[in-house]
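Both counts, for ligands and for their atoms, begin at 1 and track the order of listing.
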Amino acid sequence: MNTKYIDLISQTYDFPQDEFSLKNDELHFHNIDLMELVRTYGAPLKFTYLPKISDNIKRTKEWFNEAITKQNYKGDYNYCYCTKSSHFKHVLDEALKNDIHIETSSAFDIDIVNRLKDQGKITKDTYVVCNGFKRDQYVSNIANLINGGHEKCIPVIDNYEEIALLSKEIKKDFKVGIRIASEEEPKFEFYTSRLGIGYKNIIPFYEDQIKNNDQVELKMLHFFINTGIRDNAYYWNELQKCLRVYTRLKKVCPSLDSLNIGGGFPIKNSLAFEYDYQYMIDEVINQIKLTCEEEDVSVPHIFTEFGSFTVGESGGAIYEVLYQKQQNDREKWNMINSSFITTLPDSWAISKRFIMLALNRWQDKYERVLLGGMTCDSDDYYNSEQHMNAIYLPKYEKEDPLYIGFFNTGAYQETIGGFGGLQHCLIPSPKHILIQKNDDGSLSTELFSEQQKSEDLLKILGYHGI
Ligand SMILES: Cc1ncc(COP(=O)(O)O)c(C=O)c1O
């Protein structure tokens, strides 16, 4: 019987895969020698493999360009990066190498835009699409950007008061988008998203607040489905409803020329992940084109705001298994040297699953385990993988430490986990390593931030000088 971890993985999945391989029985990710990373920096650690960001942007642009060419679609495609999925400078620096645009969600985001403008990384040709609920500082920051001449800043109107608030502070003509409040999936706790304006109210809103307003021009309709761009009846139905609004609105509002289909491109969360990106994009473009033809209106330029897809697959987290607790004859808890709650908050908050693999000891026998974090919170655990209802890892050996990696964790985990701030049970944020590819294909690593120290946490807690 094959009971080695290597057999389990290679018999359950296609292995090796593009980004995962074994060398000397140790796991490599995009040719990063992960155990070498552990030997150099220790664990726990988080890392960002920056080239993956550019890679995913390029792939997406190619998929859209192919669909547009194939279908002779007469609109352009604009890739925006949704900054809230990771605001770090290294992420934006990498993303902005690829001639992209930016989507913001709050006031401070605009300060980031201004910094990047000062450095020439964002230019007057970069669209800055401003989503989110806008009041006070966010309105002022958007107004300052537009007043300063950034004509490609497009606030996307989320509620009935925003046009008046923006008009009060913007001293020029400006363009806006309107966000459609989508109907949520039937299993959701509520029917209509709180974000945006309901389908039926879009045209009355336009007639009431924009049509006769000389200062404001409607350019974009924005549509984002919380559950993502998926090949299911719910998604296609919502897209159709959105396209009906688009074509009706276009007939009364000639300046409308863009459709923003939001974020929600899925990322690889399992070694068995399957998603046909090209097919989905072909079909989205096809649906838009067909509906516009039926209604005899010109097709819109397309905008997307991919957050997870831009940055998710660049990130990883590595932990050491410190100890095994056998709490009954079936349940073995492998205790990691950090916390899931603080370092991978989506894993407990929304039961998100990531790719999880052992980094070493692939020739050893495997066992079924549960993974526990170091906080004394009973929710601090990880107990299954996306396509395997359990977790299997090389058998725990006190004298032969086991290291495990979680992959494609680069989106949202730092911001939601409060990077560098207070942490549950004061378990510190791990160190963070940036990995870049050199011109000759070799990799270089750089420590972005150290593991938090006791002083860092005590200072936040007010224990100055005590
Ligand atoms: C308006 C908007 N655009 C884009 C995104 C990015 O979504 P994702 O990270 O799934 O691509 C979000 C995420 O919540 C969003 O609210």
**Message:** Exactly one of Tyr81, Phe224, Phe306 should register a ring pair (Phe, Tyr, Trp, His ring centres under 6.0 Å) with Phe265. Which one does?
**Reply:**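 That would be Phe306; it is the only one of Tyr81, Phe224, Phe306 passing the ring pair (Phe, Tyr, Trp, His ring centres under 6.0 Å) with Phe265.
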* Asked: Excluding sequence neighbours, so at least two apart, what forms ring-ring contact (aromatic ring centres under 6.0 Å, His included) with Phe20?
  ->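 In terms of ring-ring contact (aromatic ring centres under 6.0 Å, His included), with neighbours along the sequence ignored, Phe20 is linked to Phe29, Phe407.
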Counting each atom of ligand 1 from 1 as listed, which ones have a heavy atom of [X] under 4.0 Å away?
{"X": "Gly264", "answer": "7 (O), 8 (P), 10 (O), 11 (O)"}
{"X": "Phe306", "answer": "11 (O)"}
{"X": "Ser308", "answer": "8 (P), 9 (O), 10 (O), 11 (O)"}
{"X": "Glu103", "answer": "1 (C), 2 (C), 3 (N), 4 (C)"}
{"X": "Lys84", "answer": "2 (C), 12 (C), 13 (C), 14 (O), 15 (C), 16 (O)"}

Pairs of nitrogen or oxygen atoms closer than 3.5 Å, one from Tyr412 and one from ligand 1: do any exist?
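Between Tyr412 and ligand 1 (N or O atoms, distance only) the closest approach is under 3.5 Å.
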message: Quick check: Cys82 and ligand 1, any N/O pair under 3.5 Å apart?
response: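 It does not: no N or O of Cys82 is found under 3.5 Å from an N or O of ligand 1.
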- State, to 0.1 Å, how close Ala143 and Glu169 come at their nearest heavy-atom pair, and which atoms those are.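 The pair with the smallest heavy-atom distance is CB-CB, 3.6 Å.
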Quiz item: Going by the angle between their ring planes, with limits at 30° and 60°, are Phe406 and Tyr382 parallel, tilted or perpendicular?
Solution: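 Ring orientation of Phe406 relative to Tyr382: perpendicular.
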- Query: What protein heavy atom is closest to atom 1 (C) of ligand 1, reported as residue, atom name and distance in Å?
  - Reply: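 Sorting protein heavy atoms by distance from atom 1 (C) of ligand 1 puts Arg179 NH1, 3.3 Å first.
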key: Protein contact to atom 3 (N) of ligand 1 [nearest heavy atom, distance to 0.1 Å]   =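 Protein heavy atom with the smallest distance to atom 3 (N) of ligand 1: Glu305 OE1, 2.6 Å.
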Regarding Lys268 and the six-membered ring of Phe273, is the cationic atom NZ or CZ under 6.0 Å from the ring centre and inside 45° of its axis?
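No, Lys268 and Phe273 do not form such a contact.
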**Message:** With side-chain contact (heavy atoms from CB on, under 4.5 Å) as the test, pick out the partner of Ile32 among Ile433, Leu37, Thr445.
**Reply:**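 Of all the options given, the one that passes is Leu37.
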How about Tyr381 and Phe340: are their ring centres within less than 6.0 Å of each other?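 Centroid distance Tyr381-Phe340: not below 6.0 Å, so no.
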